[in-house]
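The following block contains the structure, expressed as structure tokens.
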There are 2 protein chains.
Amino acid sequence: MGTFSAAIIPTERYQDAHLDLDFQHKTARLDLAPMRLTRKEYDLLALLVQNAGEIVTREALLMRVWGYSTQIKTRTLDVHIRRLRKKLGDYADQYIETIFGIGYRFQPYRPPRLFRVASDLVSVGA
Amino acid sequence: MGTFSAAIIPTERYQDAHLDLDFQHKTARLDLAPMRLTRKEYDLLALLVQNAGEIVTREALLMRVWGYSTQIKTRTLDVHIRRLRKKLGDYADQYIETIFGIGYRFQPYRPPRLFRVASDLVSVGA
DNA sequence: GAGGAGTTGTAAAAGTTTTGTAAAAGGTGT
DNA sequence: ACACCTTTTACAAAACTTTTACAACTCCTC
């Protein structure tokens with residue numbers, strides 16, 4: 001019987017209607033076109049995407065992308081977020097959300113609904 | 001049943017609209033004209049071509065073409081890449097891509113499509 | 001709802017690292 | 001010795017990252 005490496009690696013890819021990250025090859029595509037991300041930009045996006053839907057604190061981002069323990073007084077992170085947003089073009093607002101005083105959150109693409117469904121009526125959390 | 005040597009040797013040739021590598025005879029042609037490559041130039045090109053579409057790290061190139069373990073501080077690789085590019089003429093940009101901080105990638109020639117096809121519409125992987 | 005402290009956004013400059021290039025030096029085989 | 005190939009060197013250019021300085025924004029309190 002064959003071996004399935006896919007079973008070993010947890011998630012090796014993120015994919016939605018517009019964005020496509022390949023964590024193995026460290027590449028990203030936006031509407032099929034390769035996004036030309038620098039290493040830091042990719043690391044940043046990847047970390048956010050891997051925690052899609054959840055807030056990632058500035059601390060965590062600095063820690064895991066930069067290796068800084070803490071105490072940053074420069075705008076390095078913000079500058080990188082900015083460039084990421086730029087490369088995400090019109091989708092930037094939809095994908096990357098600023099959580100004031102805490103960090104950022106990547107929000108996976110939600111296809112627009114054509115019809116109202118029951119879950120639209122309950123007041124949702126978060 | 002007969003034996004098919006083709007089944008043993010993975011690919012013994014690369015061919016696209018402009019470039020043609022014969023891995024058996026270690027020769028290359030560009031638009032039918034033989035490219036006069038030196039051994040190192042050929043080895044380098046062959047390795048890249050055999051990994052067409054994928055990044056080959058500097059390390060891997062140095063390792064497999066030069067046999068260096070690691071730790072190179074000279075520009076040997078770059079110089080060879082340069083001469084290769086020169087010999088690829090106008091196609092150089094299209095074929096050999098620099099992946100900053102990582103290595104190089106040979107990108108196979110993609111003929112321009114004249115008409116849209118079904119596969120353009122589905123969101124594809126890779 | 002105005003003011004203020006603190007946080008994030010932005011543009012540009014400065015800094016760092018990596019790659020490209022030209023020329024010279026070093027080898028190799030005939 | 002000659003022709004050819006490869007490596008080294010030294011520097012230029014390009015790509016990427018960080019810093020700086022300030023503007024804009026958010027949240028909180030009065």
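First the proteins, then the strands, lettered A, B, ... as listed; each starts at 1.
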Give the cluster check for B/L47 versus B/V79: same hydrophobic cluster or not, with ILVMFWY residues linked at side-chain heavy-atom distances below 4.5 Å.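 In one cluster with B/L47: B/V79, no.
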B/I81 or A/G103: which one's nearest nucleotide on DNA chain C is closer to the 5' end?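 Mapping each residue to its closest nucleotide by heavy atoms, the 5'-most match is A/G103.
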Please name the residue in the list B/F106, B/Y109, B/F23 that meets the ring-ring contact (aromatic ring centres under 6.0 Å, His included) test with B/Y14.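 It is B/F106, the one option of B/F106, B/Y109, B/F23 that forms the ring-ring contact (aromatic ring centres under 6.0 Å, His included) with B/Y14.
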With respect to the side chain of A/F100, which nucleotide from C/dG6, D/dT7, D/dA15 is positioned closest?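 That would be C/dG6.
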Compare side-chain N and O positions of B/T98 against OP1 and OP2 of C/dG20 and report whether any pair is under 4.0 Å apart.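 For C/dG20, OP1 or OP2 has a side-chain N or O of B/T98 closer than 4.0 Å.
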Quick one: label B/R85 by what it contacts on the DNA or RNA (base, sugar-phosphate, nothing), any heavy atom closer than 4.0 Å.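 Touches sugar-phosphate only.
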What's the shortest heavy-atom distance between A/A28 and A/L21, and which atoms?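 That closest heavy-atom pairing would be CB-CD2, 3.2 Å.
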Counting side-chain heavy atoms from CB outward, which of C/dT10, D/dC16, C/dT21 is closest to A/D78?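 Within the option list, the nearest is C/dT10.
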With respect to the phosphate group of D/dT7, does any side-chain polar atom (N or O) of B/H80 fall under 4.0 Å of OP1 or OP2?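 Result: yes.
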Look at A/T74 and D/dT19 and indicate whether a side-chain polar atom (N or O) is within less than 4.0 Å of OP1 or OP2.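 Yes, within the criterion.
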Using a cut-off of less than 4.0 Å, is there contact between a side-chain N or O of A/R39 and OP1 or OP2 of C/dT18?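 The answer is no; no side-chain N or O of A/R39 sits under 4.0 Å from OP1 or OP2.
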To the nearest Å, give me how far apart CG (B/L61) and C1' (D/dT7) are.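 After rounding, the reported distance stands at 17 Å.
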Which whole-number value in Å describes the distance from B/R36 CZ to D/dC4 P?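 These atoms are roughly 9 Å apart.
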Among the nucleotides D/dT7, D/dT17, D/dT18, which one has an atom lying closest to any side-chain atom of A/T76?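 Among the listed nucleotides, the one closest to the side chain of A/T76 is D/dT18.
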DNA chain D: 5'-proximal contact among A/T38 and B/E41 (nearest heavy atom):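 Result: B/E41.
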Please report the distance, rounded to the nearest Å, between CD in A/E97 and C1' in C/dT8.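 Rounded to the whole Å, the gap is 14 Å.
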Are A/W66 and A/L77 side-chain neighbours, meaning at least one heavy-atom pair lies under 4.5 Å?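 In contact.
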Exactly one of A/T57, A/I81, A/I55 should register a side chain to side chain contact (heavy atoms under 4.5 Å, CB included) with A/Y104. Which one does?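 The passing option is A/I81.
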Base, sugar-phosphate, or nothing for B/I102, non-hydrogen atoms under 4.0 angstrom?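 The residue B/I102 makes sugar-phosphate contact but no base contact.
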Whole-Å gap separating C1' (C/dG9) and CZ (A/R75):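 Roughly 8 Å, once rounded to whole Å.
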Value in whole Å for how far the C1' atom of C/dT19 lies from CD1 of B/I96: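 Interatomic distance, CD1 of B/I96 to C1' of C/dT19: 14 Å.
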When you get a sec, tell me which of C/dG20, D/dT18, D/dC16 is the closest nucleotide to the side chain of B/Y104?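 Of C/dG20, D/dT18, D/dC16, C/dG20 is nearest to the side chain of B/Y104.
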From the list D/dT7, D/dT17, C/dT19, which nucleotide is the closest neighbour of the side chain of B/R58?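 Comparing D/dT7, D/dT17, C/dT19 against the side chain of B/R58, the answer is C/dT19.
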For B/D16 and B/L19, indicate whether the former's side chain and the latter's backbone hold a donor-acceptor pair under 3.5 Å.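 Pair found, side chain donor or acceptor close to backbone of B/L19.
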Taking CG from A/D93 and P from C/dG9, how many angstroms apart are they, rounded to a whole number?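 Distance, rounded to whole Å: 11 Å.
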With respect to the phosphate group of D/dT18, does any side-chain polar atom (N or O) of A/W66 fall under 4.0 Å of OP1 or OP2?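 The answer is yes; a side-chain N or O of A/W66 sits under 4.0 Å from OP1 or OP2.
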Toward the 5' end of DNA chain C, by each residue's nearest nucleotide, B/K86 or A/I99: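 Its nucleotide being nearer the 5' end, the pick is A/I99.
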Would you indicate, yes or no, if D/dT7 has its OP1 or OP2 atom less than 4.0 angstrom from a side-chain nitrogen or oxygen of B/K40?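 So the side-chain polar atoms of B/K40 do come within 4.0 Å of the phosphate oxygens OP1 or OP2 of D/dT7, strictly under.
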In whole Å, I'd like the distance from the CG atom of B/L62 to the C1' atom of D/dT7.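 That distance rounds to 13 Å.
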Rounded to the nearest angstrom, tell me the gap between atom NZ in A/K73 and atom P in C/dG9.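 Value for this atom pair: 20 Å.
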